[in-house]
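Each remark here refers to the structure printed beneath this line.
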Amino acid sequence: MIIVGNRIRQARVLAGLTQEQLAEMIGVSRTTIARWEIAEAEPTLEHLLDLTRALRVSADYLLGIGGGNPVMEVLQEMASTLNQIITELQEDKT
């Protein structure tokens, strides 16, 4: 379930939430969010539904099945492009 943990983390960060803020929104501890994000534990179905509402993503997205969240995919592609540009700029300095 590492995909679920990664997706929770990505959606949380893009939503501009801390682990503590997300935890408060869905009624769990910050430690619980951290454990989900590192795939040390899995959210229950009820918590998964709470996560979809709080993070404004689909359950399919969080579970890594079906279509992804198009906004997340565009942002991830942009982040990848920026990382490539930064790497090239750093290489040019050397």
Q. When you measure from the side chain of R12 to the backbone N and O of L17, does any donor-acceptor pair fall under 3.5 Å?
A.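 Flag set: sc R12 to bb L17 pair under 3.5 Å.
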
Between [atom1] of [X] and [atom2] of [Y], what distance do you get to the nearest 0.5 Å?
| X | Y | atom1 | atom2 | answer |
| --- | --- | --- | --- | --- |
| I3 | L62 | CD1 | CG | 11.5 Å |
| R56 | L14 | CZ | CG | 14.0 Å |
| E24 | I33 | CD | CD1 | 10.5 Å |
| I85 | T81 | CD1 | OG1 | 6.5 Å |

Q. Linking I/L/V/M/F/W/Y whenever any side-chain heavy atoms sit under 4.5 Å apart, do I65 and V57 land together?
A.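 Per the 4.5 Å side-chain linkage, I65 and V57 are co-clustered.
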
(Q) Just to verify, what does I86 make a side-chain contact (heavy atoms from CB on, under 4.5 Å) with, not counting sequence neighbours? (A)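 Result, side-chain contact (heavy atoms from CB on, under 4.5 Å) vs I86: Q90.
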
Q.
According to side-chain contact (heavy atoms from CB on, under 4.5 Å), who are the partners of T44, at least two apart in sequence or on a separate chain?
A.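 side-chain contact (heavy atoms from CB on, under 4.5 Å) list for T44, sorted by chain: E46, H47.
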
Side chains of [X] and [Y]: does their closest heavy-atom pair fall under 4.5 Å?
| X | Y | result |
| --- | --- | --- |
| W36 | L51 | yes |
| I26 | P43 | no |
| V28 | L22 | no |
| V4 | R7 | no |

**Q.** Other residues, nucleotides, ligands: >12 heavy atoms within 6.0 Å of Q21 CD
**A.**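 Counting neighbours around CD of Q21, more than 12 heavy atoms of other residues, nucleotides or ligands fall under 6.0 Å, so yes.
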
Q: Over all heavy atoms of both residues, which pair between R30 and E20 is shortest? Give the atoms and the distance, please.
A: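 Here R30 and E20 meet closest at CG-N, 3.7 Å.
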
Q: Begin with the C-alpha distance, continue with both residues' side-chain angles, and end with the deciding distance and a verdict on side chain to side chain contact (heavy atoms under 4.5 Å, CB included) for Q84 and T87.
A: CA-CA 5 Å; Q84 289 174 338; T87 300; 5.7 Å; no

